[in-house]
Amino acid sequence: RLGLERADTAEKALAVIVDLLEKYGQGGNCMESHMAFTYHNSFLIADRKEAWVLETSGKYWAAEKVEAGGVRNISNQLSITTKIDREHPKLREYAKSKGWWDGEKEFDFAATYSYVNTARMTTSRGRYCEGYKLLNKHKGSISSEIMMEILRDKESGINMEGGFMTTGSMVSVLPQEPGLPCVHYFTGTPDPER
């Protein structure tokens with residue numbers, strides 16, 4: 001929200017977020033209950049001309065610029081691997097000091113900063129993989145309606161039920177033509193299926 005408030009492009013919003021992360025860090029419960037469960041955050045940041053994925057681990061971060069015409073998703077795992085367009089200036093140095101990376105093999109953010117097997121991320125059944133498949137199935141013809149269908153999908157786990165529930169979804173249409181208005185759709189109830 002602060003990125004939206006303080007920046008007029010996706011790239012500038014990225015800078016706002018990483019500056020705040022460096023200054024204040026992150027943390028806190030990710031549920032309203034008293035359960036002490038936290039995780040680090042990922043962001044999709046877009047404007048009319050470009051989009052970025054920003055993923056964080058503590059104060060460290062990596063950012064990937066989304067290719068023009070491409071599709072990209074995030075879920076509850078790090079997904080930036082070796083395509084890193086911006087990064088915390090000490091990201092690799094910190095990983096090396098912790099023994100997570102030897103400084104010689106190709107640097108893979110998700111593999112280094114998490115327990116995820118990055119070779120299986122797009123093939124194993126899970127929210128990230130299923131979202132990736134659904135987006136790629138419609139690549140080049142994604143409409144607001146198709147995006148809403150994807151966000152309502154329960155079988156994939158994108159629209160979660162149970163102890164951890166999806167409590168809202170948003171679809172934005174950002175035309176590249178500056179004279180056309182941007183349109184934002186928000187769920188009116190906690191369940192995106194409605």
Side-chain angles (χ1 to χ4, degrees), residues 1-4 10-11 13-31 35-46 50-67 70-136 139 147 150-151 153 156-160 163-170:
R1 291 181 183 139
L2 294 174
L4 286 170
E11 190 171 11
L14 171 72
V16 167
I17 295 167
V18 299
D19 287 348
L20 290 168
L21 183 64
E22 179 71 26
K23 188 171 183 180
Y24 299 105
Q26 63 180 315
N29 281 353
C30 55
M31 296 182 69
M35 178 192 273
F37 177 73
T38 63
Y39 63 84
H40 301 284
N41 292 286
S42 296
F43 304 87
L44 291 171
I45 308 166
E50 66 182 12
W52 290 83
V53 174
L54 169 64
E55 295 184 335
T56 67
S57 179
K59 69 176 185 175
Y60 298 96
W61 57 272
E64 174 187 333
K65 189 172 183 181
V66 180
E67 295 176 18
V71 294
R72 191 63 167 76
N73 63 313
I74 58 175
S75 190
N76 295 76
Q77 66 185 53
L78 297 177
S79 62
I80 295 174
T81 57
T82 58
K83 184 186 179 302
I84 301 172
D85 297 300
R86 300 250 170 95
E87 66 188 63
H88 184 282
K90 295 186 178 178
L91 180 74
R92 295 171 196 234
E93 179 183 317
Y94 183 72
K96 199 171 174 183
S97 75
K98 291 291 195 181
W100 301 339
W101 178 59
D102 63 11
E104 297 192 17
K105 67 180 176 184
E106 185 175 31
F107 184 79
D108 180 323
F109 177 68
T112 304
Y113 277 82
S114 70
Y115 298 106
V116 172
N117 176 345
T118 59
R120 297 187 64 229
M121 280 192 321
T122 58
T123 57
S124 65
R125 184 157 169 79
R127 290 176 72 213
Y128 178 82
C129 175
E130 295 304 309
Y132 179 84
K133 286 179 190 174
L134 289 168
L135 287 170
N136 275 293
K139 188 175 178 177
M147 197 64 228
I150 291 171
L151 292 173
D153 194 283
S156 66
I158 292 170
N159 185 8
M160 294 189 307
F164 287 99
M165 291 179 56
T166 300
T167 57
S169 291
M170 174 181 160

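What you are looking at is a predicted structure, and each value in this text was computed from that prediction instead of being measured. Hydrogens, waters and symmetry mates play no part in the numbers below; they use all other heavy atoms, side chains included.
Aromatic ring centres of Y94 and W100 lie closer together than 6.0 Å.
Between atom CE of residue M170 and atom CE of residue M147 there is a gap of 11.5 Å, rounded to the nearest 0.5 Å. Between the OH atom of Y128 and the CD1 atom of I74 there is a distance of 10.0 Å, given to the nearest 0.5 Å. The line from CZ of F109 to OG of S57 is 5.5 Å long, rounded to the nearest 0.5 Å. Between the NZ atom of K83 and the CZ atom of R72 there is a distance of 8.5 Å, given to the nearest 0.5 Å. With rounding to the nearest 0.5 Å, the separation of CG in L78 from OG1 in T112 is 10.0 Å. For the atom pair L14 CG and I45 CD1, the distance stands at 5.0 Å (nearest 0.5 Å).
Residues I158 and T166 form no side-chain contact, since every pair of their non-hydrogen atoms from C-beta on lies 4.5 Å or further apart. Contact annotation: the side chain of I80 never approaches that of E87 to less than 4.5 Å [non-hydrogen atoms, C-beta and beyond]. Looking only at side-chain heavy atoms (C-beta outward), Y113 and H40 stay at 4.5 Å or farther from each other. D153 places none of its side-chain heavy atoms less than 4.5 Å from the side chain of N159. In this structure, the side chains of R86 and E11 come closer than 4.5 Å at one or more pairs of heavy atoms. By the 4.5 Å heavy-atom criterion applied to side chains, I17 and W61 are not counted as neighbours.
For the pair S156 (side chain) and G131 (backbone), a donor-acceptor distance under 3.5 Å is absent. Formation of a donor-acceptor pair under 3.5 Å by the Q26 side chain with backbone atoms of G58 is found in this model.
The heavy-atom pair separating K90 from Y60 by the smallest distance is O-CE2, 3.8 Å. Minimum heavy-atom separation, A13 to G3: CB-O, 3.8 Å.
Among I150, L151, N73, the single residue meeting the side-chain contact (heavy atoms from CB on, under 4.5 Å) criterion with L134 is I150.
Ion pair K133/E130 flagged as a salt bridge, since at least one NZ, NE, NH1 or NH2 atom sits closer than 4.0 Å to an Asp/Glu carboxylate oxygen.
Looking only at atom types and distance, the side chain of E55 has a donor-acceptor partner in the side chain of S79 under 3.5 Å away.
Under a cut-off of 6.0 angstrom, the local environment of CD in E22 is crowded, with over 12 non-hydrogen atoms contributed by other residues, nucleotides or ligands.
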